[in-house]
Amino acid sequence: MTTLQSPAEEARQILGALGVDLGRLGATGLPARSPIDGAVIGHLADSDARAVDRAVGRAAEAARAWRDVPAPKRGELVRLFGEELRAAKEPLGRLVTLEVGKILSEGLGEVQEMIDVCDFAVGLSRQLYGLTIATERPDHRMSESWRPLGVVGVISAFNFPVAVWAWNAALALVCGNAVVWKPSEKTPLTALAVDALLARALARFRAAGGDAPEGLAATLIGGRAAGEALVDDARVALISATGSTAMGRAVAPRLAARFAKALLELGGNNAAIVCPSADLDLTLRAVAFAAMGTAGQRCTTLRRLFVHDAVYDAFVSRLAKAYGSVAIGDPRDPKTLVGPLIDEAAAGGMARALDAASGLGGRVTGGERLPGPGVYVRPALVELPRQEGPMLEETFAPILYVVRIADLDAAIALNNAAAQGLSSSIFTNDLREAELFLSDRGSDCGIANVNIGPSGAEIGGAFGGEKETGGGRESGSDAWKAYMRRATNTVNWSRSLPLAQGVRFDVA
C-alpha cells in the first residue's frame with residue numbers, strides 16, 4: 001500500500017515549485033489548513049483596510065492604462081496565462097485537493113475549467129460586439145458599444161477556490177478591467193499559487209512587448225474585514241461575490257448604497273425529478289455524482305430528489321446501496337470518491353439538519369461521522385414523507401432528501417418551492433415531460449437539465465440562478481457584458497438637425 005505524504009509537506013513542496021515565496025508562510029496570522037487531516041500548513045498575513053486601499057488604488061491606475069490596450073492584445077495575456085495553467089495543471093490540481101479536500105479528478109477538473117475559460121476569453125477578445133441600430137432620423141447613425149468598467153472586485157468561496165476567480169478574471173481582463181481578488185480565508189494557498197502563475201504570464205507578456213501595467217491583478221489574503229473594505233471602496237465598479245445567501249444579503253445593500261454593480265452567485269438548493277420512463281442506470285450514476293461529489297459542497301450539489309411512485313422503490317433501494325458502498329477517505333487515493341468536509345462547522349450543520357429531518361419522520365441512511373483526523377462523514381440519504389423543514393434549507397454537506405411524487409406538475413411545483421433558483425434536472429425519456437420541464441411552466445432555475453444532474457456545468461453557458469441565488473451570470477454566453485458598461489451612440493453626419501419623435505425647437 002502506498003504511503004501518502006503529509007498534506008502540509010506536499011502542499012509546501014507544490015507551492016515552492018509553482019513559484020510562491022514560502023517565506024510568506026509564517027507562524028502567526030491567518031491559518032491555512034488541509035481538511036485531509038486538519039493540520040495547519042502555515043499562517044499568512046491578513047490584509048487590512050490599508051492593504052485593500054493600496055491594492056485598489058494601484059488597480060484603478062492600471063485600469064486607466066489597460067483600457068487603451070486593444071482587446072485582442074489583452075486576450076494575448078489571457079492566452080499566456082492559459083499556457084501557464086496547462087503546464088501547471090497537475091500540481092495546481094493537487095493543491096486544490098490538498099486545500100479543499102476534493103478528489104484528484106475534481107481538483108484537476110477545476111484547473112481544466114480555468115484553462116477552458118481562458119480559451120473562451122481569448123476568442124471573446126475579438127468578439128466584444130456592439131450593435132448598429134436603425135434610426136428614424138436621416139443621415140444619422142445609431143449604435144451600441146461596450147466599454148471597460150475599471151476595477152472589478154472578486155470575492156470567491158472555498159469550494160471552487162480558483163475556477164470561479166478565473167471565470168471572472170479572464171473575462172474582466174479581456175474586457176479591459178483590472179481585477180482585485182479576495183479569496184476565501186479557508187483557501188488562501190491556491191490563490192497564492194494562481195497569483196504566481198499569473199505573474200509568470202505577465203512577465204512573458206511584457207517581455208514580448210506587451211503593455212501590462214503594474215497593479216493590473218492583485219490578491220488580498222484576509223477575512224470578512226478585507227472583503228468589506230473591497231465592497232465599500234467607491235473605486236471598485238463591480239463586485240462579483242460567490243458565497244452563501246447570507247453573504248449576499250450583506251453585500252448587496254452596501255453595493256446598492258453606492259450604486260455599484262453586483263454580480264451575485266449565491267446559494268442553491270437544487271432538485272431533480274425522476275420520471276417513470278427514466279433510464280435508471282444513467283439516473284443512478286448522475287444522482288450519485290451530483291449528490292455526493294465534492295462531499296456535497298458544490299453550490300450545484302443535488303440536495304432534493306423527487307421520484308415517481310412507479311419507480312420509487314426500485315430506484316431508491318439501488319441508491320441506498322450506492323450510498324452504503326461509496327469509498328470515503330483521503331482524496332489523493334485514486335479509489336476515493338468522497339473526501340472530507342471543509343471543517344467542523346460543516347459537520348455540525350449536517351448533524352443538525354439530520355436531527356431535524358429525523359424529527360419530521362425522515363428515514364436516514366448513512367450520515368455518520370467517520371474516524372479522523374479530518375472531518376469525514378458518510379453521505380446521507382433521507383427519505384421524507386413530504387418536503388418541509390431542513391429540506392427547504394441549503395445545508396452545505398452531502399445530504400440528499402428524497403420524496404415520493406405521483407405526477408410531474410406536482411414535482412415541478414416542489415422543485416420551484418425552494419427559495420433559491422440555481423440548478424435543476426429531470427430524468428425522463430418522454431419528450432413532452434422534458435419540454436414541459438424546460439418551458440415557461442417548468443423549472444424556475446437558471447440551469448435546467450435533462451438526463452444529466454444539476455452539477456458539473458461547462459464554461460460555455462452562462463452560470464448562475466434566480467431568486468435567492470442572486471441573479472448573476474458568470475462564465476460563458478454573454479456573461480462578459482457584466483464586466484463592461486453599455487453606451488448608446490448617435491452620430492449626425494448631415495448638415496441639418498432633425499429631432500426624434502418629430503419634436504421641433506427652432507431658434508432665431
Side-chain angles (χ1 to χ4, degrees), residues 245 267-276 278 280 283-284 286-288 290-292 295-298 301-326 328 338 341 345-370 375-427 443-445 453-454 467-468:
T245 297
N269 193 0
N270 314 291
I273 299 168
V274 183
C275 298
L280 296 187
T283 303
L284 180 65
V287 168
M292 293 189 282
Q297 297 171 115
R298 290 182 178 226
T301 290
L302 177 59
R303 307 194 186 282
R304 300 178 296 139
L305 186 65
F306 305 110
V307 183
H308 194 278
D309 184 68
V311 293
Y312 185 96
D313 292 335
F315 181 74
V316 175
S317 63
R318 291 179 61 186
L319 188 59
K321 289 179 182 177
Y323 267 67
S325 63
V326 69
I328 304 164
V338 177
L341 295 177
M350 181 175 180
R352 289 189 295 273
L354 293 178
D355 286 345
S358 295
L360 295 171
R363 179 184 175 187
V364 179
T365 300
E368 63 270 20
R369 180 75 176 261
L370 302 178
V375 183
Y376 294 86
V377 296
R378 181 161 294 283
L381 187 67
V382 182
E383 296 177 72
L384 280 171
R386 66 191 64 83
Q387 178 169 255
E388 61 180 331
M391 189 171 177
L392 288 168
E393 301 168 1
E394 182 189 30
T395 301
F396 228 56
I399 303 175
L400 179 61
Y401 300 100
V402 187
V403 168
R404 188 186 299 259
I405 52 101
D407 69 86
L408 181 56
D409 287 335
I412 290 173
L414 291 168
N415 174 85
N416 295 348
Q420 304 88 350
L422 178 51
S423 192
S424 57
S425 296
I426 189 171
F427 293 91
S443 171
D444 66 357
C445 296
K467 302 187 296 187
E468 290 189 5

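These numbers come from a predicted model, not from an experiment.
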Please give me the minimum heavy-atom distance between [X] and [Y], naming the atom from each residue.
X: Ser443; Y: Ser424; value: OG-OG, 2.7 Å
X: Ala290; Y: Pro454; value: CB-CD, 3.7 Å
X: Cys275; Y: Leu408; value: SG-CD1, 4.3 Å
X: Ala380; Y: Leu354; value: CB-CD2, 3.8 Å
X: Ile399; Y: Ala353; value: CD1-CB, 3.8 Å
X: Pro385; Y: Val403; value: O-CG1, 4.4 Å

Exercise. Which residue pairs satisfy the side-chain hydrogen bond (donor to acceptor under 3.5 Å, both in side chains) criterion with at least one member in residues 347-370, sequence neighbours excluded?
Worked result: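 side-chain hydrogen bond (donor to acceptor under 3.5 Å, both in side chains) check on residues 347-370 returns Glu344-Arg369.
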
For this session: Would you list the pairs meeting side-chain hydrogen bond (donor to acceptor under 3.5 Å, both in side chains) in which at least one residue belongs to residues 394-406, sequence neighbours left out?
Result: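 Checked against side-chain hydrogen bond (donor to acceptor under 3.5 Å, both in side chains) - neighbours excluded - the pairs reaching residues 394-406 are Asp309-Arg404, Asp313-Arg404.
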
Rounded distance (nearest 0.5 Å) linking atom [atom1] of [X] with atom [atom2] of [Y]:
X: Met350; Y: Phe396; atom1: CE; atom2: CZ; answer: 13.5 Å
X: Leu414; Y: Leu305; atom1: CG; atom2: CG; answer: 11.5 Å
X: Ile412; Y: Asp407; atom1: CD1; atom2: CG; answer: 9.0 Å

Problem set entry | Worked verdict on Val307 versus Leu319 for side chain to side chain contact (heavy atoms under 4.5 Å, CB included) | CA-CA 12 Å; Val307 183; Leu319 188 59; over 6 Å; no

For this session: Could you check Cys445 against Asn415 for side chain to side chain contact (heavy atoms under 4.5 Å, CB included), going step by step and ending with a plain yes or no?
Result: CA-CA 9 Å; Cys445 296; Asn415 174 85; 4.3 Å; yes

Side-chain heavy atoms of [X] within contact of [Y], under 4.5 Å:
X: Pro398; Y: Leu341; result: yes
X: Arg378; Y: Val326; result: yes
X: Lys467; Y: Gln420; result: no
X: Asn269; Y: Arg304; result: yes

Problem set entry | Set of side chain to side chain contact (heavy atoms under 4.5 Å, CB included) partners for Leu280, sequence neighbours left out |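 With neighbours one apart ignored, the set is Val274, Ala278, Val311, Phe315, Arg318.
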
For this session: With side chain to side chain contact (heavy atoms under 4.5 Å, CB included) as the test, would you mind laying out the steps for Leu360 and Met391 before giving the verdict?
Result: CA-CA 11 Å; Leu360 295 171; Met391 189 171 177; over 6 Å; no

Exercise. Distance-only, no hydrogens or angles: does the Arg303 side chain make a donor-acceptor pair with backbone N or O of Ala397 under 3.5 Å?
Worked result: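 At least one qualifying donor-acceptor pair exists.
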
For this session: Taking Asn270 for its side chain and Leu302 for its backbone only, find out whether a donor-acceptor pair lies under 3.5 Å.
Result: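 No; judged by distance alone, with no hydrogens or angles, the pair does not exist.
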
